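A short write-up of the structure that comes next.
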Amino acid sequence: MNGGLLVAGTTSDAGKSVVTAGICRWLVRQGVKVAPFKAQNMSLNSFVTRAGAEIGRAQAMQAQACRIEPTALMNPVLLKPGGEQSSQVVLLGRPVGELSARGYHGGRQQKLLGTVLDCLAELRGTYDAVICEGAGSPAEINLRRTDIVNMGIARGARLPVLVVGDIDRGGVFASFFGTVALLSPEDQELVAGFLVNKFRGDVSLLEPGLGMLRDLTGRRTYGVLPFRHGLGIDEEDGLRVSLRGTVRESAVTPPVGEDVLRVAVCAIPLMSNFTDVDALAAEPGVVVRFVDRPEELADADLAVIPGTRGTVRALAWLRERGLADALVRRAAEGRPVLGICGGFQILGEHIEDEVESRAGAVDGLRVLPVRVRFAREKTLTRPAGEALGERVEGYEIHHGVATIDGGDTFISDDEGRSLDGCRVGQAWGTHWHGSLESDGFRRAFLREVAAAAGRRFVPAPDTSFAALREEQLDRLGDLIEQHADTDALWRLIESGAPQGLPFIPPGAPA
């Protein structure tokens with residue numbers, strides 16, 4: 001088998017990431033050696049590979065669905081928004097500069113088509129099948145000329161295309177038809193059919209519409225996936241906060257102790273790797289919410305300042321909202337505060353930034369004895385150490401270099417030497433994303449928080465975040481296996497789009 005498939009969508013957030021992960025998990029359970037691929041990702045939710053390359057977290061999770069290590073080949077282009085008009089361009093895992101949307105789409109993007117096709121070809125030479133994820137919609141006719149992630153990659157690699165539509169939003173039939181009808185004849189011949197996502201109710205009521213859709217387009221529907229809670233994975237987020245996955249959709253589990261623990265996450269601008277708090281929300285009895293007003297911190301047992309692509313901008317936002325003063329008061333009163341990456345920098349005394357914001361010297365919240373200088377070279381590592389007597393692993397993605405002038409050690413090596421972060425009272429800070437996924441450390445940290453907050457909260461002794469992630473991926477594989485026509489899907493992946501698919505007018509405008 002040397003197969004491939006592009007999972008496109010009628011819109012952003014139609015379920016492309018989830019469907020791609022589900023197909024990957026289904027295939028690997030059939031004994032297929034499979035890999036994920038997304039030519040271009042726009043996301044502040046990123047991950048670091050073992051080789052020190054930065055890629056989208058969605059592709060890292062899809063690699064986990066394939067039971068393989070993620071690599072830069074799986075997401076050769078990552079765009080990290082720094083505002084409404086510009087993004088940092090990460091190429092093959094390394095930042096290569098900042099570009100405006102006009103500058104990127106006006107010339108740079110099209111020049112990358114050869115690079116992404118080479119990456120895809122290398123994966124296809126190594127794996128039995130590569131399941132590719134598109135971005136947005138393939139029918140974005142204003143961007144088709146320079147497209148490298150939807151029909152551009154499908155045409156370049158002769159990939160069959162499966163279009164996913166979110167029926168929960170309404171208008172799915174019009175979206176399916178319109179998507180095909182706005183593509184050129186050459187693009188349309190690769191669009192094999194459709195997959196309905198998030199259906200609620202009796203499928204028999206949908207079947208007349210599916211039949212009419214086939215009559216209108218000459219294309220079949222490969223499955224109807226029912227709506228299920230808790231199936232979100234670490235998806236791309238663009239400029240908005242996506243409260244998907246564990247935080248929003250997890251089942252409510254009663255606490256082990258007598259009390260719950262309330263966690264308030266400051267919803268700062270350009271929030272990055274908000275999935276850091278998913279591991280907290282996975283703990284029975286831990287309630288996680290995102291907040292943007294100081295009064296919402298009042299009853300929180302733990303306040304978290306997450307990572308951000310704009311540390312200075314987030315700091316200004318916290319001050320404008322009155323959250324900065326509330327956080328400083330919390331720390332002075334010995335009430336727990338945790339800063340992660342950009343949040344750690346914000347808690348420091350001083351920031352010198354001529355790289356990210358170019359704001360120069362800026363005062364931090366002065367909660368932690370830390371001075372931060374932004375370096376042009378980005379730190380991209382997968383470190384490990386000890387904290388609170390437990391093994392902890394994480395990953396680092398930051399330009400800020402911290403100099404720590406006091407406080408207690410947070411994360412150390414095996415011999416007790418400081419590796420990262422610091423602690424003053426109940427204020428904690430670290431550059432390490434993903435550290436809370438280390439089960440022993442997370443439990444130890446929550447015990448400290450509960451004691452400081454005076455809560456009779458007890459961490460569950462057997463919560464395994466890695467096992468929960470595996471269960472989630474298996475559920476995605478089950479969805480595909482149980483609700484898609486897997487025989488037809490297999491033929492599509494192995495043999496490509498059916499021959500003789502009809503053209504649906506009017507096609508792409510000239």
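As the structure is a prediction and not an experimental result, all values here were calculated from the model.
To the nearest 0.5 Å, atom CG of residue L73 and atom OG1 of residue T115 are 11.5 Å apart. Here S357 contributes atom OG and I351 contributes atom CD1; the two are 8.0 Å apart, rounded to the nearest 0.5 Å. A distance of 8.0 Å separates CG in N2 from CG in D128, rounded to the nearest 0.5 Å. For the atom pair L182 CG and S137 OG, the distance stands at 8.0 Å (nearest 0.5 Å). For the atom pair CH2 of W490 and CG of L27, the computed distance is 6.0 Å after rounding to the nearest 0.5 Å. Here the OG1-CG distance, from T221 to D485, works out to 10.5 Å after rounding to the nearest 0.5 Å.
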Item checked: Derivation and outcome, salt bridge (charged side-chain N to carboxylate O under 4.0 Å, His left out), residues R158 and E189 -> CA-CA 10 Å; R158 302 307 298 172; E189 69 181 24; 3.1 Å; yes
Notebook entry, point to check: Could you walk me through whether H433 and C341 pass the side-chain contact (heavy atoms from CB on, under 4.5 Å) check?
Noted result: CA-CA 7 Å; H433 294 289; C341 199; 3.5 Å; yes
Notebook entry, point to check: V172 and F199: side-chain contact (heavy atoms from CB on, under 4.5 Å), yes or no, with the steps?
Noted result: CA-CA 10 Å; V172 74; F199 180 72; over 6 Å; no
Next item on the list: Could you give me the CA-CA distance, side-chain angles and deciding distance for E396 and T379, then say whether side chain to side chain donor-acceptor pair (under 3.5 Å) is met?
Entry: CA-CA 6 Å; E396 296 185 65; T379 298; 5.5 Å; no
Notebook entry, point to check: Do E98 and R309 pass the salt bridge (charged side-chain N to carboxylate O under 4.0 Å, His left out) test, and can you show the C-alpha distance, the side-chain angles, and the key distance before you say yes or no?
Noted result: CA-CA 12 Å; E98 295 272 342; R309 171 81 165 85; 2.4 Å; yes
Item checked: Worked verdict on Y127 versus V32 for side-chain contact (heavy atoms from CB on, under 4.5 Å) -> CA-CA 8 Å; Y127 293 90; V32 177; over 6 Å; no
Next item on the list: Go through the steps to decide whether E207 and V203 satisfy the test side-chain contact (heavy atoms from CB on, under 4.5 Å), and finish with yes or no.
Entry: CA-CA 7 Å; E207 287 171 353; V203 176; 4.2 Å; yes
Margin query: What verdict does the salt bridge (charged side-chain N to carboxylate O under 4.0 Å, His left out) test give for R25 and E470, after you've listed the backbone C-alpha separation in whole Å, the side-chain angles of each residue and the deciding distance to 0.1 Å?
Written below: CA-CA 10 Å; R25 178 50 62 99; E470 276 296 302; 3.2 Å; yes
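By the 4.5 Å heavy-atom criterion applied to side chains, R382 and F47 are counted as neighbours. Using a 4.5 Å cut-off on side-chain heavy atoms (C-beta onward), L210 and V224 make contact. Within the 4.5 Å cutoff, side-chain heavy atoms of L79 are placed close to those of V89. Counting heavy atoms from C-beta on, the side chains of V18 and L476 come closer than 4.5 Å. Side-chain atoms of L216 and F177, non-hydrogen and from C-beta on, do get closer than 4.5 Å to each other. The shortest side-chain heavy-atom distance between P498 and L492 falls under the 4.5 Å cut-off. Using a 4.5 Å heavy-atom threshold, the side chains of F274 and I268 count as separate. Contact annotation: the side chain of L44 never approaches that of M271 to less than 4.5 Å [non-hydrogen atoms, C-beta and beyond].
With hydrogens and angles ignored, the 3.5 Å screen pairs a side-chain donor or acceptor of D276 with a backbone N or O of G434. Listed for the K38 side chain is no donor-acceptor partner under 3.5 Å among the backbone atoms of V149. Remark: side-chain polar atoms of N197 are paired, donor with acceptor, to backbone N or O of A14 under 3.5 angstrom. At least one donor-acceptor pair under 3.5 Å links the side chain of N75 to the backbone N or O of G56. In this structure a side-chain-to-backbone donor-acceptor pair under 3.5 Å is present from S184 to D187. Of the possible polar contacts, none joining the E356 side chain to the F374 backbone as a donor-acceptor pair under 3.5 Å is found. In this structure a side-chain-to-backbone donor-acceptor pair under 3.5 Å is present from S438 to E393. No donor-acceptor pair closer than 3.5 Å links the side chain of S86 to the backbone N or O of G82. A donor-acceptor pair under 3.5 Å is absent between the side-chain atoms of E283 and the main chain of A279, judged by distance alone. Between the side chain of R67 and the backbone N or O of R29 there is no donor-acceptor pair closer than 3.5 Å.
Between A39 and I153, the shortest heavy-atom contact is CB-CD1, 4.5 Å. Annotation for N273 and Y395: closest pair ND2-OH, 2.9 Å, computed over non-hydrogen atoms. What you find for L6 and E133 is that their closest heavy atoms are CD1-C, 3.9 Å. Shown here for G134 and N150, the closest heavy-atom pair between the two residues is CA-OD1, 3.3 Å. When all heavy atoms of Q345 and G400 are compared, the closest pair comes out as NE2-CA, 3.7 Å. In terms of heavy-atom proximity, I480 sits nearest to T486 at O-CG2, 3.6 Å.
A salt bridge does not link D478 to R475: none of the charged nitrogens lies less than 4.0 Å from a carboxylate oxygen. With respect to the salt-bridge test (charged N to carboxylate O, under 4.0 angstrom), the residues D278 and R469 qualify.
Test R57, K80, Q59 against N41 for side chain to side chain donor-acceptor pair (under 3.5 Å) and you get one pass: Q59.
Side-chain contact of D166 with T11: a donor-acceptor pair under 3.5 Å is absent, judged by distance alone.
In this structure, H431 and H398 have parallel ring planes: the angle between them is below the 30° cut-off, well short of the 60° mark.
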